[in-house]
Every structure is written in C-alpha cells, then in structure tokens.
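Data first, discussion second: the structure below is written as structure tokens.
Since the model is a prediction, treat every value here as computed from it, not as a measurement. Counting starts at 1 for both ligands and their atoms, in listed order.
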Amino acid sequence: MDVAVVGAGVVGCSVARHLALAGASVVLLDRATDVGNGTSKANTAILHTGFDTEPGSLESALVGRGRRLLADYAAAAGIAVEPTGALLVAWDDEQEAALPALLAKAIANGCDDASLVGADEVRSRERHLGPGARSGLAVPGEWAIDPWSVTLAFATEAVGAGVLLRLGAPVTGVDVGAEGHQVQVPTGSVRARWLVNAAGLGADLLDELLGYRDFVVTPRRGQLIVFDKLARRLLTGILLPVPTARTKGVLVSPTTWGNVLLGPTAEDLEDRTDTATTAEGIGRLLADGQRILPDLVEEEVTATYAGLRAATEYRDYQIRLHADQRYVTVGGIRSTGLTSSMAVAEHVAGLLAGAGATWSGPPVDSVPPVMPPLGESQMRPLRDPALIAADPAYGTALCHCEQVSRGEVRDACHAPVPATDLGGVRRRTRAMNGRCQGFYCAAEVVALTAAETGSDPAELTRTPR
Ligand SMILES: Cc1cc2nc3c(=O)[nH]c(=O)nc-3n(C[C@H](O)[C@H](O)[C@H](O)COP(=O)(O)OP(=O)(O)OC[C@H]3O[C@@H](n4cnc5c(N)ncnc54)[C@H](O)[C@@H]3O)c2cc1C
C-alpha cells in the first residue's frame with residue numbers, strides 16, 4: 001500500500017478519499033465497526049464559516065476553504081443542508097461591546113457578508129428570543145448540514161476509488177522501517193509506505209507509538225438536547241452566543257432533519273470514551289435554553305447525546321509532517337473538523353507531495369456518490385410516486401416518525417459501505433431517530449436488518465443505536 005490512514009472519522013475518510021483519487025493505494029483502518037463512529041457522529045452539525053477562528057491560523061484557512069469545498073460537495077452528492085444563516089446575539093454590555101471586534105474578525109476570516117444587526121432587527125428576525133436579547137451579528141454563511149452523510153459519502157467514494165476499508169481494526173503498534181511501516185492490527189500487520197494519523201481522540205496515543213509527544217488530547221465533552229420538530233417554528237436560523245476562548249458556547253440550531261438542537265456543553269474529562277449525558281449538563285443547557293428561547297424548553301425532547309472534542313493544549317489544529325518517518329499527524333481537530341475535512345485532506349496531500357511522496361497509480365476519475373435524500377426539505381422516498389412505482393419497498397413505511405421506508409433500510413444494508421448494526425442503519429436512513437426513538441419500529445428494523453445482513457436479531461438488538 002502507498003498509504004495507511006488510521007481513523008475513519010470524517011477527517012480520515014476525507015483524507016483516504018483525496019489520496020485515492022490522486023492515485024494512491026490506501027488502506028483505511030478503524031477500531032470501530034462503522035465509519036464515522038467517533039466524534040464525527042455526535043456534533044452540532046453546522047457547516048461553519050470560520051468567522052470566529054483566529055485569523056492567520058491553520059484552522060481559519062482550512063475551515064474557510066473546507067466550507068466552500070463541502071458546500072459544493074454536498075450539493076453534488078445530494079447531502080442535505082439548510083442554508084439558514086446564523087445570528088449571534090449579545091445579552092449584556094460586555095457581549096455587545098465585543099460585537100464590532102467579532103465583525104472585524106469575521107471579515108478578516110473572509111466572511112464579507114457578516115454584518116452588525118440592531119436590537120430591533122434581532123427581535124424582528126427571531127421573535128421568540130428571550131427578554132434581554134440585544135444587538136447581534138448576522139453570519140449568513142453558517143448553515144446546518146447532515147453530518148452523517150458527509151462521512152458516509154467520503155467513505156463511499158473512497159471505497160469506489162479502491163480504498164481498502166478495514167473496520168474492527170485497532171492499531172496497536174507501528175514498526176517504522178526503511179521501506180515503510182508495518183502497522184499492527186490484531187489480525188496481523190498492514191504494510192504501507194506512508195502513514196497518516198487521523199485517530200481523533202487517539203491521535204496523541206498513536207503519535208506516541210511513533211515516538212512523538214507533541215500534544216496531549218483532553219476530551220472536551222459537549223452534551224446536546226434534540227427537541228421535537230414542533231419546536232422548529234421557534235427560530236428561523238442558527239442562534240449563536242458570543243464565543244469565548246474555550247468554547248463556541250451554547251447555541252440553538254435547526255437540523256436538516258427538522259429538529260432543533262440546544263447545546264453543547266464544554267466539559268474537560270479524562271475518560272476518552274465518556275459520551276454519557278448527565279443530569280447536571282442537561283440542566284445547565286435547559287437553563288441556557290430558557291434564557292435564549294424560553295418557549296423551546298416547553299417543547300418535547302426527542303433525545304439527548306454527547307460528543308467529545310479532541311481538544312489539546314493548543315488552540316490551533318496540530319497537523320505535522322514527519323518526513324523522515326513518512327508520517328503525518330492530523331491532531332487537535334477540535335470543533336470544526338466536519339467543516340474543514342475536505343481542506344484538511346488537501347493540506348495533508350500537499351504535505352505528502354512536498355515530502356516527495358508519489359503514488360503507484362494514476363489519478364482516478366470520480367464523481368461524488370449520490371447519497372440517500374435524508375433532509376426534511378428533500379424528496380424522501382415515501383413521498384416519491386415514481387420511485388414507489390418502480391419499487392414498492394419505497395412505499396412501505398417502516399419508521400413512521402421519520403418517514404423511512406423498508407426500501408431505504410434494505411439499501412443501507414447493501415450500500416458500498418453497508419450498515420452492520422442498528423446505529424449504522426440509523427445514520428444511513430434516520431430510522432429510530434424520531435419522536436418514539438424506535439419504540440414502535442425497532443422490532444421491524446431489527447428483523448429487516450437481520451434478514452438483509454444475515455445477522456442474529458438478538459445480537460443486533462445488543463448493538464448501540
Ligand atoms: C459537541 C461537538 C460539536 C461539534 N460541532 C461541530 C460543528 O457544528 N461543525 C463542525 O464542523 N465540527 C463540529 N465538531 C467537530 C467535529 O465533529 C470533529 O472535528 C470531527 O468529527 C473530527 O473528526 P475526526 O475524523 O478527526 O475524529 P473522529 O470522528 O473521532 O474519528 C477518529 C477515528 O479514529 C479511530 N481510532 C482512534 N484510535 C485508533 C486506533 N488506535 N486504531 C484504529 N482506529 C482508531 C476512532 O475509532 C475514530 O473512528 C463538533 C464536535 C463536538 C464534540
């Protein structure tokens with residue numbers, strides 16, 4: 001292999017795709033049994049502009065470029081976006097005083113369409129804001145995006161371009177030799193000339209196996225509340241707080257599936273696996289929600305979840321080339337990696353090229369895959385008479401809350417990067433994602449998934465959703 005990429009989150013899948021399209025033979029390894037099963041599955045799902053990143057930083061450059069690349073890619077692949085824009089709202093004197101500097105920062109980051117908005121206009125744009133909302137900053141380029149389909153699209157295109165995807169493959173060691181790396185996984189070792197570390201929360205640990213201690217990952221947990229679709233009427237776009245150095249703060253955002261998100265918290269933890277939500281965290285979010293959008297907290301809660309940001313002691317991304325070892329670390333992709341993923345891949349490819357890497361094959365001619373239309377504003381199969389006429393499985397509802405047909409669950413089990421467990425089905429179809437959280441449909445989803453994948457239904461019910 002030309003390259004081994006460790007980590008099949010949104011960043012690793014993007015890097016693998018990019019290198020494969022350039023002609024590299026690539027193996028993509030992840031310890032999980034599905035792609036996008038780490039931080040990439042639990043974020044706030046915003047296609048950021050990077051308006052509040054540090055001008056001149058690597059993050060600023062890669063978020064700005066990544067946003068443009070991903071917006072185009074999403075349009076080509078049929079990945080749902082909601083181009084709502086965002087309104088950053090000040091709630092006190094200090095925050096209001098910070099707005100002109102934030103506007104200057106936004107413009108320095110290339111967001112020329114950002115503008116200051118007076119208190120009256122803030123209130124006329126967002127009529128349900130709580131008392132105390134002052135003036136704000138409008139950032140039209142902040143959009144909601146379907147985050148799961150992004151990783152899946154990258155992985156699908158990567159596999160189509162020849163990437164060998166090895167899931168359930170934790171990397172436990174790396175031997176660096178003159179000709180290449182022997183990357184150890186429990187079933188043996190994989191040989192590759194170049195190594196890319198896109199291991200997210202485990203990037204520093206993999207770095208250590210190669211002899212580096214350039215940064216330490218501290219998981220920063222973000223808990224979120226998903227509100228029912230009936231709450232969607234309460235806001236027109238994304239409502240942002242004034243960010244601090246540590247966090248972007250608690251926001252309220254529409255999702256492409258028609259729900260409303262409130263969150264995330266920012267809690268530094270030691271446990272790199274602790275994605276539990278807590279009564280304290282949810283309580284704090286509800287208190288913030290009560291202040292920002294009082295009517296929101298009266299709405300039904302559909303779900304809660306938490307994701308872990310790969311924070312380090314540095315604010316900026318930690319992307320480093322170790323040319324003598326033919327190794328690139330892609331670390332510290334903290335809270336903007338969904339947006340920047342395509343630009344990160346470009347950047348990594350540039351570093352590899354600069355270090356003299358060449359690929360064994362010619363560039364691959366490829367177009368983005370067409371992803372299932374999961375967005376609330378897209379034509380879902382159950383509403384598509386032509387599709388149903390061609391295949392009645394698309395006309396039989398399986399998950400009524402999220403309007404998912406049997407045909408979609410069947411397709412997810414046979415996709416180029418197939419679902420192998422209930423979480424995989426959920427991220428590919430939205431089944432069990434709605435108001436009842438699978439109470440009514442899970443048994444049928446399990447039966448169909450088991451039949452299509454040949455899995456044991458009892459085993460499937462034990463897999464994480
Ligand atoms: C609460 C929250 C909100 C966020 N909101 C946004 C947002 O709105 N917009 C945005 O752009 N970004 C957002 N982000 C950031 C974004 O989600 C991340 O930057 C991005 O998902 C990181 O992707 P990744 O591929 O680097 O990491 P991951 O998705 O974690 O992937 C790393 C992979 O490496 C694998 N791995 C680790 N160690 C090993 C090993 N030794 N062997 C094999 N495999 C290994 C893991 O299993 C994992 O699958 C948010 C993050 C959080 C937590």
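- The closest non-hydrogen atom to atom 24 (P) of ligand 1, taken over V185, T44, V11, N37, comes from V11.
- For atom 51 (C) of ligand 1, the nearest non-hydrogen atom of the protein is N43 CB, 3.7 Å.
- The protein non-hydrogen atom at the shortest distance from atom 7 (C) of ligand 1 is H48 NE2, 3.4 Å.
- Between P170 and ligand 1, not a single N/O pair is under 3.5 Å apart.
- The distance from ligand 1 to the heavy atoms of G7 drops below 4.0 Å at these ligand atoms: 33 (C), 34 (O), 35 (C).
- Salt-bridge annotation for E179 and R191: absent, with no side-chain N of the basic residue lying under 4.0 Å from a carboxylate O of the acidic one.
- With a 6.0 Å cutoff to the six-membered ring centre and a 45° limit on the axis angle, R430 does not count as a cation-pi contact of W148.
- Ligand 1 has a nitrogen or oxygen under 3.5 angstrom from a nitrogen or oxygen of V171.
- A donor atom on one side chain and an acceptor atom on the other are found under 3.5 Å apart for Q223 and T278.
- T256 and D146 share no side-chain donor-acceptor pair at under 3.5 Å.
- If you check which protein heavy atom lies closest to atom 38 (N) of ligand 1, you get R31 NH1, 3.4 Å.
- Of the protein's non-hydrogen atoms, the one nearest atom 31 (O) of ligand 1 is G9 CA, 3.4 Å.
- One option in T33, I333, T339 has a heavy atom closer to atom 22 (C) of ligand 1 than any other, and that option is I333.
- Taking atom 21 (O) of ligand 1 as the reference point, the nearest protein heavy-atom neighbour is S40 OG, 2.9 Å.
- At a heavy-atom cutoff of 4.0 Å, ligand 1 is contacted by the backbone of A45 but not by its side chain.
- The protein non-hydrogen atom at the shortest distance from atom 47 (O) of ligand 1 is D30 OD1, 2.7 Å.
- Distances shorter than 4.0 angstrom occur between a heavy atom of R334 and an atom of ligand 1.
- No hydrogens or angles considered: a donor-acceptor pair under 3.5 Å links the side chains of T49 and E142.
- For ligand 1 and A198, the ligand atoms under 4.0 Å from any heavy atom of the residue are 32 (C), 34 (O).
- Residue contacts with ligand 1 leave out L206, since none of its heavy atoms falls under 4.0 Å from the ligand.
- Using modelled atom types and a 3.5 Å distance limit, the side chains of S189 and Q182 yield a donor-acceptor pair.
- Those atoms of ligand 1 with a heavy atom of V10 less than 4.0 angstrom away are 20 (C), 21 (O), 23 (O), 25 (O).
- E157 and S366 share a donor-acceptor pair across their side chains, judged by distance under 3.5 Å alone.
- Among A266, A199, G202, A169, the residue whose heavy atom lies closest to atom 37 (C) of ligand 1 is A199.
- At a 4.0 Å cut-off, not a single heavy atom of S14 sits close enough to ligand 1 to count as contact.
- Of the residues listed (E299, E300, E402), the one engaging K229 in a salt bridge (charged side-chain N to carboxylate O under 4.0 Å, His left out) is E402, and it is the only one.
- Taking only nitrogen or oxygen atoms, main chain and side chain alike, L201 does not reach within less than 3.5 Å of ligand 1.
- Interface atoms of ligand 1 facing T336, defined by a heavy-atom separation under 4.0 Å, are 10 (C), 11 (O), 12 (N), 15 (C).
- Counting only distance, with no hydrogens or angles, the side chain of D316 and the backbone of S57 share no donor-acceptor pair below 3.5 Å.
- In C13, neither the side chain nor the backbone holds a heavy atom less than 4.0 Å from any atom of ligand 1.
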Please report, to 0.1 Å, the donor-acceptor pairs under 3.5 Å made by any side chain of residues 1-16, with sequence neighbours excluded.
from : atom 1 : to   : atom 2 : distance (Å)
D2   : OD1    : R193 : NH2    : 3.1
D2   : OD1    : S360 : OG     : 3.4
D2   : OD2    : S25  : N      : 2.9
D2   : OD2    : S25  : OG     : 3.4
D2   : OD2    : S360 : N      : 2.9
D2   : OD2    : S360 : OG     : 2.7
S14  : OG     : S341 : O      : 2.9

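- Salt-bridge formation is detected for the pair R427/D34: a Lys NZ or Arg NE/NH1/NH2 atom is positioned less than 4.0 Å from an Asp or Glu carboxylate oxygen.
- Every N/O-N/O distance between A42 and ligand 1 stays at or above 3.5 Å.
- For a threshold of 3.5 Å applied to N or O pairs, the pair formed by L338 and ligand 1 contains at least one separation below that value.
- No side-chain N or O of T302 forms a donor-acceptor pair with one of Q437 less than 3.5 Å apart.
- Ring geometry for W359 against W194 counts as perpendicular: the plane angle is over 60°, on a 0 to 90° scale with 30° as the lower cut.
- Of the protein's non-hydrogen atoms, the one nearest atom 30 (O) of ligand 1 is T39 N, 3.0 Å.
- Contacts of V6 with ligand 1, taken as heavy-atom pairs under 4.0 Å, involve the side chain alone.
- Side-chain contact check for Q318 and T329: no donor-acceptor pair (N or O, by modelled atom type) lies under 3.5 Å.
- Counting protein heavy atoms only, atom 27 (O) of ligand 1 is closest to G200 CA, 3.8 Å.
- Side-chain N or O atoms of T312 include one that pairs as donor or acceptor with a backbone N or O of Y314 at under 3.5 Å.
- Per-residue contacts place S335 under 4.0 angstrom from the following atoms of ligand 1 (heavy atoms of the residue considered): 6 (C), 10 (C), 12 (N), 13 (C), 14 (N), 15 (C).
- Salt-bridge formation is detected for the pair E346/R65: a Lys NZ or Arg NE/NH1/NH2 atom is positioned less than 4.0 Å from an Asp or Glu carboxylate oxygen.
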